[in-house]
Amino acid sequence: MSFASFSDFLAMGHHGLYVWSAYGICLVVLARELVAPILARKRYLQQEARRLRRENGK
């Protein structure tokens, strides 16, 4: 598929809104899938550090 101009490329044959929103949603989901485990690990380590401080403080 070839396009006459960049605006035609963005319009994607009048399906641009669907195409680009699908790409955007996909990127958001992928970014979340990359960031979620990192945040979960950080939260787990903080909780374990608090638990160890409580246990050692007794």
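In this text, all values refer to a predicted model and were calculated from it rather than measured experimentally.
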Is atom CG of Leu17 surrounded by more than 12 heavy atoms (other residues, nucleotides or ligands) closer than 6.0 Å?
no
With hydrophobic residues grouped by side-chain heavy-atom distances under 4.5 Å, do Tyr23 and Leu10 end up in a single group?
yes
Please report the interatomic distance CG(Leu27) to CZ(Arg32), rounded to the nearest 0.5 Å.
15.0 Å
Out of curiosity, Asn56 CG to Arg51 CZ, how far, rounded to the nearest 0.5 Å?
9.5 Å
Count the heavy atoms of every other residue, nucleotide or ligand shown that sit under 6.0 Å from CZ of Arg41, and state whether that count exceeds 12.
no
Taking Phe6 as the starting point, is it possible to reach Val19 by hopping between hydrophobic residues whose side chains are less than 4.5 Å apart?
yes
Validation row: Met12, Trp20 side chains within 4.5 angstrom (heavy atoms)
yes
